[in-house]
**Q** 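First the structure, then my questions, so here it is.
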Amino acid sequence: MESPVTWILIAITGLVSWMAFNNRKLADRLILWPPAIDRHRQYDRLVTYGFIHADFAHLLFNMITLYFFGRLIERIMVQVTGSLLTYPAFYLAALVVSILPSYLRNQKNPNYLSLGASGAVSAVLFAFILVSPWSLIFVFFIPAPAILYAVFYVGYSIWMDRRGGDRINHSAHLAGAAFGVLFMVMMEPRVLQIFMQELMNPRFGL
């Protein structure tokens with residue numbers, strides 16, 4: 001099967017999220033709740049929170065994004081490293097790294113909760129943008145060059161993170177995006193040179 005790890009991640013996330021929709025006890029055990037980590041050493045929550053979602057729309061948006069961009073990144077990572085383990089390690093690490101700023105800020109806050117794969121999906125998306133900056137990304141059915149979408153995404157996330165009030169973890173989006181770029185550069189430093197070459201030669205396409 002093409003891109004097996006991406007399909008496995010989508011399948012597991014879909015199944016666990018669906019189970020959690022119908023099982024409040026399971027959702028409570030998997031969600032990121034800082035006191036559970038701080039008091040009970042349930043460090044697995046730094047990963048498990050990314051496999052449950054608030055509702056079906058939240059799940060669908062993340063999994064569609066992962067489907068479209070994760071398959072290419074998985075193939076690139078396998079080609080560069082020769083290992084099927086690089087991509088899942090990247091994805092799971094992105095879950096941890098993307099939530100760390102929020103967790104550290106709310107470590108003593110018993111009212112803070114976070115869930116969803118958005119941080120890791122942002123890492124995948126920005127890894128894709130780094131290798132294909134002029135590809136067209138459809139935002140609410142409107143095509144936009146990936147690099148322009150990235151600028152808007154980062155600016156909007158910074159603004160909303162400071163503004164707050166919409167119950168979306170924009171900090172995780174930003175941390176995930178930064179991790180996606182840094183991981184790709186550390187894995188293959190030449191990707192920066194490729195990015196600059198691509199940036200200077202606009203070629204729009206799907």
Side-chain angles (χ1 to χ4, degrees), residues 3 5-7 9-10 13 50 53-77 79-80 87 90-91 93-95 97-102 114-206:
S3 309
V5 176
T6 298
W7 282 107
L9 287 171
I10 291 171
T13 305
H53 289 77
D55 50 42
F56 183 73
H58 185 205
L59 169 66
L60 187 63
F61 181 82
N62 277 335
M63 293 304 98
I64 287 176
T65 305
L66 182 59
Y67 170 78
F68 280 113
F69 304 109
R71 292 174 300 155
L72 175 64
I73 297 306
E74 179 180 350
R75 291 197 297 270
I76 289 173
M77 289 185 175
Q79 289 170 3
V80 171
Y87 178 68
F90 161 70
Y91 186 87
L95 285 174
V97 172
S98 64
I99 202 62
L100 274 179
S102 302
S114 189
L115 76 171
S118 300
V121 171
S122 291
V124 172
L125 175 60
F126 272 73
F128 171 85
I129 292 170
L130 191 63
V131 298
S132 189
W134 292 110
S135 290
L136 293 179
I137 292 178
F138 286 83
V139 185
F140 299 110
F141 304 104
I142 300 173
I147 188 63
L148 298 183
Y149 173 79
V151 172
F152 172 80
Y153 184 94
V154 170
Y156 177 77
S157 295
I158 291 173
W159 178 59
M160 289 303 296
D161 186 49
R162 293 176 177 175
R163 181 171 179 252
D166 64 353
R167 297 176 63 85
I168 295 175
N169 192 345
H170 296 283
S171 173
H173 295 176
L174 289 166
F179 177 76
V181 171
L182 289 173
F183 188 95
M184 290 293 286
V185 172
M186 291 176 65
M187 181 187 71
E188 176 49 85
R190 288 177 299 176
V191 76
L192 274 181
Q193 180 182 354
I194 294 171
F195 172 73
M196 294 305 298
Q197 290 173 348
E198 290 288 326
L199 206 60
M200 298 303 292
N201 296 282
R203 287 176 293 177
F204 302 102
L206 298 177

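This chain uses plain numbering: 1 for the first residue, then up along the sequence.
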**Q** Under 3.5 Å, is there a donor-acceptor pair between the T6 and Y87 side chains?
**A** yes
**Q** Taking the side chain as C-beta and beyond, is there a heavy-atom pair between Y156 and H170 under 4.5 Å?
**A** yes
**Q** Is there a side-chain contact between P133 and F195, using heavy atoms and a 4.5 Å cut-off?
**A** yes
**Q** Please assess V131 against I194 for the test side-chain contact (heavy atoms from CB on, under 4.5 Å), listing each intermediate value before the final yes or no.
**A** CA-CA 7 Å; V131 298; I194 294 171; 5.9 Å; no
**Q** Would you say S132 and E198 make side-chain contact, with heavy atoms under 4.5 Å?
**A** no
**Q** Rounded to the nearest 0.5 Å, what separation is found between the CD atom of Q79 and the CD atom of E74?
**A** 11.0 Å
**Q** Would you check if M184 and M77 make a side-chain contact, meaning some heavy-atom pair closer than 4.5 Å?
**A** yes
**Q** Hey, mind stepping through L148 and F152 against side-chain contact (heavy atoms from CB on, under 4.5 Å) and telling me if it holds?
**A** CA-CA 6 Å; L148 298 183; F152 172 80; over 6 Å; no
**Q** I need the minimum non-hydrogen distance between A94 and A123, along with the two atoms involved.
**A** CB-CB, 3.7 Å
**Q** For a quick test of reading the model, state the closest non-hydrogen atom pair linking V154 to L174 and the distance between them.
**A** O-CD2, 3.8 Å
**Q** Run the ring-centre check on Y153 versus F126 and record whether the distance is less than 6.0 Å.
**A** yes
**Q** Between H53 and A117 (side chain of the first, backbone of the second, donor and acceptor by atom type, cut-off under 3.5 Å), is there such a pair?
**A** yes
**Q** Would a 4.5 Å heavy-atom cut-off, applied to side chains only, mark S114 and S102 as touching?
**A** no
**Q** W134 side chain to A146 main-chain N or O, any donor-acceptor pair under 3.5 Å?
**A** no
**Q** How many angstroms lie between atom CZ of F179 and atom CG of L100, to the nearest 0.5 angstrom?
**A** 10.5 Å
**Q** So do the side chains of Y67 and M63 get within less than 4.5 Å of each other, counting heavy atoms only?
**A** no
**Q** Ignoring hydrogens and angles, tell me if any N or O in the side chain of T13 forms a donor-acceptor pair with the backbone of I10 under 3.5 Å.
**A** no
**Q** Using every non-hydrogen atom in the two residues, find where H58 and A54 come nearest and quote the distance to one decimal.
**A** ND1-N, 3.1 Å
**Q** Just so I know, are the side chains of L130 and V185 near enough to count as touching, which here means a heavy-atom distance under 4.5 Å?
**A** yes
**Q** If you look at every heavy atom in P143 and L136, which pair is closest and at what distance?
**A** CB-CD1, 4.3 Å
**Q** Given side-chain contact (heavy atoms from CB on, under 4.5 Å), test M160 with H173 step by step and report yes or no.
**A** CA-CA 11 Å; M160 289 303 296; H173 295 176; over 6 Å; no
**Q** Considering non-hydrogen atoms only, spot the tightest contact between F90 and A127 and give its length.
**A** CZ-CB, 4.4 Å
**Q** Is it true that the NZ or CZ of R71 lies under 6.0 Å from the centre of F69's six-membered ring and within 45 degrees of the ring axis?
**A** no
**Q** Compute the centroid of each ring, for F68 and then for F128, and state whether the two points are separated by less than 6.0 Å.
**A** no
**Q** Please test L95 against I99 for side-chain contact (heavy atoms from CB on, under 4.5 Å), starting from the C-alpha separation and ending with a verdict.
**A** CA-CA 6 Å; L95 285 174; I99 202 62; over 6 Å; no
**Q** Between N62 and S118, do the side chains contain a donor N or O and an acceptor N or O under 3.5 Å apart?
**A** yes
